[in-house]
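Since the structure comes first, as structure tokens, the remarks are kept for the end.
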Amino acid sequence: MRQLLGEASQRDSITCFMSTYAYIKAAIRPRIEALPASYLPPPAAKRAIRKLGSDIRDARLRRGLPASVVAERAGIARSTYHKIEKGDAGVSIGIYAAVLQALNLMDGLADLADARNDPQGAHAALERLPKRAVLARKKPGSKESS
């Protein structure tokens with residue numbers, strides 16, 4: 001009798017599991033697939049972030065600071081700090097900024113996209129300038145302002 005109850009219970013568990021799986025497959029999976037794909041930065045951005053992480057590591061070593069001290073100053077976990085040194089693109093820019101602040105390297109971050117550091121944008125702005133300047137003509141019958 002116990003064996004029969006055990007088999008029935010096992011069948012019910014499998015049926016329950018299958019119905020849960022069927023529910024997930026029918027109801028939840030389409031919603032998940034409709035979500036936007038996670039952002040993957042282009043290879044050039046990945047290289048730049050890895051270089052930034054390497055430069056942060058070098059700056060820390062030049063200062064003779066252990067990773068735990070820099071992480072504590074930045075207010076982050078040591079594991080997150082290690083992700084930064086590896087150049088993990090999943091770490092937010094705010095966390096990178098906190099680490100740069102902890103290493104007194106914040107000045108460079110504020111000037112990254114500054115107009116003075118944008119020769120391509122300056123060139124595009126020059127191309128949009130008009131070729132010649134034309135004064136607006138006065139319409140007949142309008143009053144002259146003196």
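Fair warning: this is a prediction, and the values are worked out from it, not measured in the lab.
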(message) Let me confirm one number: the CZ-CG distance from Arg57 to Leu52, rounded to the nearest 0.5 Å.
(response)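 Spacing of CZ (Arg57) from CG (Leu52) equals 14.0 Å.
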(request) Mind checking the CD-CG spacing from Glu85 to Leu61? Nearest 0.5 Å is all I need. (result)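 That separation rounds to 7.0 Å.
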Distance-only donor-acceptor pairs under 3.5 Å for side chains of residues 100-124, two or more places apart:
| unit_1 | atom_1 | unit_2 | atom_2 | d |
| --- | --- | --- | --- | --- |
| Asp114 | OD1 | Arg116 | N | 2.8 |
| Asp114 | OD1 | Arg116 | NE | 3.0 |
| Asp114 | OD2 | Arg116 | NH2 | 3.2 |
| Asn117 | ND2 | Asp111 | O | 2.6 |
| Asp118 | OD1 | Gly121 | N | 3.0 |
| His123 | NE2 | Glu127 | OE2 | 2.8 |

(message) For a 4.5 angstrom cut-off between non-hydrogen side-chain atoms, does Arg73 reach Leu65?
(response)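 Yes. Closest side-chain heavy atoms under 4.5 Å.
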(request) Quick one: list whatever passes salt bridge (Lys or Arg N to Asp or Glu O under 4.0 Å) with Asp55, sequence neighbours left out. (result)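 With sequence neighbours excluded, Asp55 shows a salt bridge (Lys or Arg N to Asp or Glu O under 4.0 Å) to Lys51, given in chain and number order.
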(request) Quick one: list whatever passes salt bridge (Lys or Arg N to Asp or Glu O under 4.0 Å) with Arg128, sequence neighbours left out. (result)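 Arg128: no salt bridge (Lys or Arg N to Asp or Glu O under 4.0 Å) contacts found.
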(message) Starting from Leu126 and following side-chain heavy-atom contacts under 4.5 Å between hydrophobic residues (I, L, V, M, F, W, Y), which residues can be reached?
(response)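 When side chains under 4.5 Å apart are linked, the cluster holding Leu126 also contains Leu129.
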(message) Is it true that, when you exclude Arg78 itself, more than 12 heavy atoms of the residues, nucleotides or ligands shown sit nearer than 6.0 Å to its CZ?
(response)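 For Arg78, atom CZ is not crowded (no more than 12 foreign heavy atoms under 6.0 Å).
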(request) Please name all residues satisfying side chain to side chain contact (heavy atoms under 4.5 Å, CB included) with Ile76, sequence neighbours left out, ordered by chain then number. (result)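 Ala71, Ala74, Thr80, Tyr81, Ile84, Ile95, Val99.
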(request) Mind checking side chain to side chain contact (heavy atoms under 4.5 Å, CB included) for Lys46 and listing every partner two or more places apart, or none if nothing turns up? (result)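 Lys46: side chain to side chain contact (heavy atoms under 4.5 Å, CB included) contacts with Pro41, Arg50.
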(message) Under a 3.5 Å distance rule, please check whether Arg60 uses its side chain to pair with a backbone N or O of Ile56 as donor and acceptor.
(response)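 No; judged by distance alone, with no hydrogens or angles, the pair does not exist.
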